[in-house]
Structure formats: structure tokens, C-alpha cells
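Report on one structure; see the data block that follows.
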Amino acid sequence: MANPNPVVAHADDYVRIFDTTLRDGEQSPGCTMNVEEKIAIARQLERLNVDIIEAGFAASSPGDFESVRRIAETLTNPVVLSLSRTRDEDVDAALRAVEKAKHPGIHIFIATSDIHLKYKLAMTREDVLNAATVAVMRAKRHLDYVEFSCEDASRSEWEFMAKICSEVIRAGARIINLPDTTGHALPAELGEMFAFMREHVEGADQVIWSAHCHNDLGMAVANSLAAIRNGARQVECTINGIGERAGNTSMEEVVMALKTRKDLMGVRCGIETRQIYPASRLLAQIIGQPVPPNKPIVGDNAFAHEAGIHQDGVLKNKLTYEIMKPEDIGIPSNKLVLGKHSGRHAFINRLQELGVDPATIDVQKAFAAFKDLCDKKKIVYDDDILAIANEETRRIADTFELVDVTVSSSTRTEPRAEVTLRVGGQERSAEASGDGMVDACYKAIYKIAELSPTLERYSVKSITGGTDALGEVSCLVRDNGMTVAGQGAHSDIVMASALALVNALNRLKSRGPAASPRPSEGP
Ligand SMILES: [Zn+2]
């Protein structure tokens, strides 16, 4: 191994950013991603310069194993690790999945709270202590980078946790993570827990302490900062704060809090903050969950100043109301960038400025889509370009391809749609009527695809202003117990809707019935 511990060796004031968008984040409803999509996210995480990527839970399903393996092979800089329970099969699967990583790691967890021991594990404290130590020793025979988590730490008895942590450190764990799995803790309390553990665990000064917080009470970021103030030097987080229930610590929020309040926190992290906005947009498009406008850092309104008095102040001096600069987060200024006469070179340049690596997309197709859009609208904004690039990033081997949509509607007749799809090289058409043009169009697509999923959510967003703007449609469909999201962008809303549905149906097909639901478990 070239460098067994790139992440362990850092100065005392360095906070490691551990991203779990692809594991904890992906575990939340409607956030499932296929392998190609996960790789696109992983590449963006590498551009963000995160220290550690939790790529999945290898033992949970063959699909998860494959994504961890592919991500491990693809990335160069970060540690890539897999989550693992303490059982032998889990540890072995995790080790196999990260085998080819430049910097492989494993994240072993077991619950330590009495309520989990009694109702979930049916194990005694002695059993848990034993299972944890054995698992860490098993992993340690193959790699050095072993993280151990006390699941539900914030509701565990501190003395017992101190004992188990001392044991796993003796067995070779390098990172100890104390998660607030249920989002139950308050900042002062969680801070005290870290202080207690660092004082009472044997070998505490030889490991990195890590926080993993959930946002059930809206405290995830505050709790993570409290942990840092009490010696934690790793934060586990996700892009846009996605994750089980109310989500995880949001990476952009914790990173910008550290940066903006360095005066008070006195620590730093290695995140390339200009990649934050592209990362947020990429994830939102892939999972089809738009970022709420008032979301800190990355929401549409995060830097908008509507009130007259604010605007006046901001014009005179930005610092009157802005504590951060939008350009530091990589937010495009939305100025006119490219148009009809822009060449391929200018297009590629702009992509790079927006944080998109041209090597990761089909530039030929993206450029053609860009030219197409230039024909339809006069002004092409940065957000339009990001939408096109993201569209190319997530392309997978499609079962269905949209060929044509014809809709007719008037105030006197029922809307009708005729749709043609290419299915396995053959064109198939169907007609349907419905409550509106989109409804008619969807019914025709269902007929051709021979599927009858439930449409759980449908939303339209205009990416940039104007009636000729590129519209982005997100939909969530459910079939056979599986929920998938689909997105489509087009200057015509019916077309964007059709593209979104076809995208979702392709995902349903790409997952296949073999994709078993993973256990909703983990720190
Ligand atoms: Zn979690």
C-alpha cells in the first residue's frame, strides 16, 4: 500500500470530512441510486476533496457490493470504505469490496445502547464487547484503516462505551465514531459525551474521534460542532443533508460554519468549497429531490436579498448582510455566459469552471444538447449548462428511449397524447387520453412499457427565468415495492415530463427484481 494512513496523519487542528451520501444518504426513501449515478457522485466528492467516502454497505446486497467495488477502483485520493456489521460475512464482504482501493478502509459498527441490545440484537453487553473486538481484529489482519462505531452512542451508558472503545482500540481501531443515531442529543450533552470518552478511554489520544449526527431535532450541525469543540476531528455528513428520516449533518453547512467562524472554532478542513454548489445540484438532479429554497448555503434564496433595505446595504458593501460570498461556494453568478455562437471550446471551458470534469460525460452529446437549447432560447445560463451536463452524467444503458410525443388539447376536447418509444431497438407507439396533457402522455407511456406504477410525486421547476426557460421535471414512481426517481429537462414541459418518466422507468428496469431492499440499519 502506497500510503496506508493518508487521513490519520494531520495536524491537530485538521477536521476530516467523512462523506456518507452514498451509504446513509442513499438509505433514505427515494434516494436510491444505481452504480453509474453513485460513481458520478463519488467523482464529485473527490473534486470536493473529502477525506473519506463511505461508498456503501457491501454485505447488504450484490448491487451495493458492486458499487463499493467500482468506487474503490475509480478514486485516487480519498479513503474508500464500506460499512459492516460485526459478523464475519459482513467483514469479509467489506474487505473484498475495497480490495482494489488506493486507500481502503472498513467501518464496523454495533449498537451499544441497552434499548438496541435488548430489542434489536438480543445480545448481552458481554456479547457485544466480544463481537466488536473479534470483528476489528479480523479486519485488522487485512488493512490498517479500521473505524469503529458505537451505534446509538448518544443513548448508551458512557462507562460501558468507554470499556468497549478501550477494547477495540487495543484490537487496532484507528477511528472511533460516536453517533447520535436517533438525532436525540442536544449540543452541550453531546459535547460532554466526547469529553468524557476522551478522558476515560484507554488509548484515546491514539485515535481520531468522529461525530455522526442525525437531524431529527434540527441539531445535527450544532451537535457536530459541539463534538469538534470537545476534540472530535472527523465529521460524518452528506451533501444536502440527505439521510434517514430528517437526514444527516449537512456537509455544506458544517464546512461553511467551520470556515466562516474559524475565529471561534480554530480548526480547518480540506474541502474545496467552490465544488459545494455543483455537488449539491448534481445530487439533487440524480435523486430527484430539489433543494428547498431556504436551505442554508445551497438553497436558491440563501444569497438572495429581497428586502429593499438589505439590497441597499448589500449594494453599498456586501458584508453588511452577507457573512459568506456566493462565489466561495461555487454558485454561478447566473450571468449570460454562452449562446448560439459559442463554440465547443468555450462550452468545455465553462463546464470546467462549473466543476464538471469533461472526462466524466459524453461531451459530444452534451454539446449537441447545448446547441439544441441555444436554438430554442436566446440566453443560456450556467444552471442550464449544469443541467445538461448532469443529464449526460447519469446516462445508463436504457431500456426505453423517447422518440416522439404528440399532444393535442383544447378547452372543448379531452387532452390526447400519442407517444413513440424505442424498446430494444424497435419503435412502439400508443395513444391515450387523460386529465391533462401530461396525464395523457404518462398513460400512453405506461401502455408501451407494460407497467402500471404509482406516481408518488411530480414536480416542475423552471431552471432559469423566462417562458422559454429550460423546465426540469422530477417524478417519483413506485412499482413492486421499489421507489425510483426520474428527471427530465426540456424547454417544453410535456417533453420534460415524458423524459422524466422514461428516466424513472429505465431505473426501475436497471435495478431489476434482484435488487433486494437493504436492511435499514447503521449508525
Ligand atoms: Zn446515520
Side-chain angles (χ1 to χ4, degrees), residues 34 36-49 74-76 272-286 326-327 329-398 401-405 422 461-473 486-493 495-496 498-500 502-503 506:
N34 65 37
E36 298 307 325
E37 291 163 338
K38 286 185 185 174
I39 289 175
I41 295 287
R43 286 205 160 109
Q44 180 59 27
L45 290 171
E46 189 166 46
R47 284 192 282 273
L48 269 164
N49 202 29
T74 308
L75 302 187
T76 313
E272 183 55 65
T273 60
R274 281 168 185 267
Q275 293 293 340
I276 286 179
Y277 187 77
S280 166
R281 286 297 315 242
L282 176 65
L283 179 71
Q285 287 215 7
I286 284 181
E327 55 267 33
I329 292 133
I331 295 181
S333 50
N334 237 4
K335 59 182 184 289
L336 163 69
V337 285
L338 298 173
K340 224 176 158 68
H341 303 291
S342 307
R344 202 182 137 91
H345 187 70
F347 177 70
I348 292 176
N349 258 350
R350 198 65 203 155
L351 281 179
Q352 283 167 328
E353 279 168 24
L354 292 172
V356 178
D357 179 359
T360 61
I361 64 169
D362 185 337
V363 176
Q364 203 68 37
K365 274 174 113 179
F367 185 63
F370 163 71
K371 279 291 181 190
D372 243 26
L373 188 65
C374 289
D375 285 340
K376 290 188 192 106
K377 57 182 290 197
K378 288 176 212 78
I379 304 172
V380 175
Y381 293 99
D382 284 347
D383 275 5
D384 294 322
I385 292 175
L386 274 177
I388 290 171
N390 292 343
E391 184 80 21
E392 284 313 313
T393 303
R394 59 166 182 265
R395 282 274 160 254
I396 42 171
D398 289 346
E401 195 190 328
L402 186 65
V403 178
D404 189 49
V405 177
R422 193 169 292 120
K461 187 185 161 200
S462 123
I463 295 181
T464 45
T467 47
D468 62 350
L470 199 56
E472 189 180 287
V473 171
Q487 294 83 40
H490 198 275
S491 53
D492 179 286
I493 287 300
M495 273 303 283
L499 286 168
V502 168
N503 180 234
N506 279 324

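These numbers were taken from a predicted model, which means no experiment stands behind them. Values reported hereafter were calculated over all heavy atoms of this structure, with side chains retained and with hydrogens, waters and symmetry mates removed.
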Applying side chain to side chain donor-acceptor pair (under 3.5 Å), can you list everything that pairs with [X], at least two apart in sequence or on another chain?
| X | answer |
| --- | --- |
| Arg47 | Gln44 |
| Glu46 | none |
| Asp404 | Thr406 |

Could you tell me which residues satisfy side chain to side chain contact (heavy atoms under 4.5 Å, CB included) with [X], sequence neighbours excluded, listed by chain and number?
| X | value |
| --- | --- |
| Ala368 | none |
| Ala498 | Leu402, Val405, Cys441, Ile445 |
| Ala369 | Ile388 |
| Asp372 | Lys376 |

Lys371 side-chain N/O to Ser342 backbone N/O, donor-acceptor pair under 3.5 Å: yes

Interatomic spacing from [atom1] in [X] to [atom2] in [Y] - rounded to 0.5 Å:
| X | Y | atom1 | atom2 | value |
| --- | --- | --- | --- | --- |
| Ile329 | Ile276 | CD1 | CD1 | 6.5 Å |
| Leu351 | Ile385 | CG | CD1 | 6.5 Å |
| Ile348 | Arg344 | CD1 | CZ | 4.5 Å |
| Leu75 | Leu45 | CG | CG | 8.0 Å |
| Leu283 | Glu37 | CG | CD | 10.0 Å |
| Phe347 | Cys374 | CZ | SG | 9.0 Å |

Quick one: are [X] and [Y] in side-chain contact, heavy atoms under 4.5 Å?
| X | Y | result |
| --- | --- | --- |
| His490 | Leu499 | yes |
| Thr273 | Leu48 | no |
| Tyr277 | Pro326 | no |

Indicate the atoms forming the closest heavy-atom contact of [X] with [Y], along with that distance.
| X | Y | answer |
| --- | --- | --- |
| Asn503 | Gly486 | OD1-CA, 3.3 Å |
| Ala40 | Ile286 | CB-CD1, 4.4 Å |
| Ala496 | Gly471 | CB-O, 3.8 Å |
| Pro278 | Gly330 | CD-O, 4.1 Å |

Those residues that, when tested against Glu401, pass salt bridge (charged side-chain N to carboxylate O under 4.0 Å, His left out) (two or more places apart): Arg422

By salt bridge (charged side-chain N to carboxylate O under 4.0 Å, His left out), Asp492 pairs with (sequence neighbours left out) none

Check Arg43 with Glu36, please: is the shortest side-chain N to carboxylate O separation under 4.0 Å? no

